[in-house]
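This is a predicted model, so every value here is computed, not measured.
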Amino acid sequence: MEKVSILHLITAAKNASPFDVNMAYDAGFDKIMPYSNISLSEVAGLTQDAIFSRSPSGIKREALFIGGRDIDLAMDMLDAAKKAMFPPFQVSAFADPSGAFTTAAAMVAKVEFHLKKHFQTTLADKKVAVFGATGPVGGCVAVIAANLGAKVVLVAHRSIDDVRIKADSYNQRYGSEIGYADGSNDTLKQSVLNNVDVVLCAVAAGVRVMSVTQIAQSKTLKIIADVNAVAPTSAEGVDVMADGVAITATNVIGIGALAIGNLKYSTQHNLLKQMLAAEKPCYLEFMAAFEMARSLTQARA
């Protein structure tokens with residue numbers, strides 16, 4: 001009976017994500033059990049209920065998946081789950097709230113790949129601007145890029161106070177040095193574009209934040225990656241299928257939503273399979289997702 005593989009899907013949201021459920025089945029889990037509206041204080045109890053109901057050999061076919069929408073809460077839940085376990089009662093756990101960790105990982109891995117391919121350089125010391133920085137994907141790409149040595153700024157297209165609070169929070173939690181900038185009008189936005197190497201767009205679907213004219217005016221800009229697949233795209237000229245294609249009338253390389261999405265799908269699929277195959281428990285978050293996305297990108301090159 002313990003040969004059946006079970007994924008316990010924990011989320012603070014009202015409902016578990018059908019996307020994550022489908023991904024888990026496709027990765028090979030036999031059963032998926034969702035737990036919704038879960039608070040941080042409940043994670044330890046759920047984890048121990050899961051690990052104590054099987055033998056040490058049986059829990060090798062068991063894992064936790066942490067969803068939701070808040071990247072900090074997901075990391076806290078992952079930490080709480082780890083602290084609730086002890087040898088030999090340990091299972092693998094994977095946090096990916098709203099797919100933000102795997103989407104951000106794929107986005108940064110694509111940028112890293114095309115920086116090397118087209119410009120023979122890395123993200124280290126590159127100036128990176130993040131639009132849509134208050135959302136889960138925007139926050140996560142900022143932290144990953146900063147971890148790789150980039151000089152990251154979160155760009156406000158409404159309230160600069162919101163991005164300042166986010167930057168301060170990420171810096172305190174993750175030991176990064178993320179800055180912030182005002183991009184609330186075209187003049188301020190152009191100033192940002194004129195002083196960065198890379199733009200990462202993670203704004204809400206169907207919201208355009210920059211035009212081809214603005215992009216073309218920048219003398220420093222090398223790459224724009226945009227996760228928005230809903231027309232209009234966030235960055236004009238970045239086709240959703242673009243995977244290292246120059247934006248029309250510019251020298252800037254574009255990376256579109258479907259190119260990022262395909263890598264995101266493969267990254268999540270492989271991390272779920274990794275938990276199934278692991279002899280020892282693994283604990284997976286945004287940097288583990290990035291390492292997987294990076295290896296998949298290099299393997300396909």
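In this view, Asp72 and Tyr174 satisfy the side-chain hydrogen bond (donor to acceptor under 3.5 Å, both in side chains) rule, not counting sequence neighbours. Applying the side-chain hydrogen bond (donor to acceptor under 3.5 Å, both in side chains) criterion to Glu42, with sequence neighbours excluded, gives Ser39. Partners of Phe52 under the ring-ring contact (aromatic ring centres under 6.0 Å, His included) rule, at least two apart in sequence or in another chain, are Phe86, Phe89.
You'll find the ring centres of His157 and Phe131 outside the 6.0 Å limit.
Looking at heavy atoms from C-beta onward, Ile32 lies out of side-chain contact with Phe65 at the 4.5 angstrom threshold. Lys127 places none of its side-chain heavy atoms less than 4.5 Å from the side chain of Val198. Under the 4.5 Å side-chain criterion, counting only non-hydrogen atoms from C-beta, Val91 is not in contact with His8. Inter-residue side-chain proximity for Val143 and Arg173 is flagged as unmet; no heavy-atom pair is nearer than 4.5 Å. Using a 4.5 Å heavy-atom threshold, the side chains of Val163 and Val155 count as separate.
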Mind listing the side-chain donor-acceptor pairs of residues 275-284 below 3.5 Å, one per line with the distance, residues two or more places apart or on another chain?
unit_1 : atom_1 : unit_2 : atom_2 : d
Glu279 : OE1    : Lys60  : NZ     : 3.4

Anything under 3.5 Å between a donor and an acceptor, one on a side chain of residues 252-259, the other on a protein residue two or more places apart or in another chain? List them.
none

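Under a 3.5 Å cut-off, the side chain of Thr297 and the backbone N or O of Ala293 do form a donor-acceptor pair.
The only option from Val203, Thr103, Leu200 that meets the side chain to side chain contact (heavy atoms under 4.5 Å, CB included) definition with Val137 turns out to be Thr103.
Between Asp161 and Arg164 there is a salt bridge, since at least one side-chain N of the basic residue sits less than 4.0 Å from a carboxylate O of the acidic one.
Pairs passing the salt bridge (Lys or Arg N to Asp or Glu O under 4.0 Å) check and including a residue from residues 84-112, sequence neighbours excluded, read Asp96-Lys264, Lys110-Asp243, Glu112-Arg294.
Of the N and O atoms on the side chains of Asp30 and Ser5, at least one donor lies less than 3.5 Å from an acceptor on the other residue.
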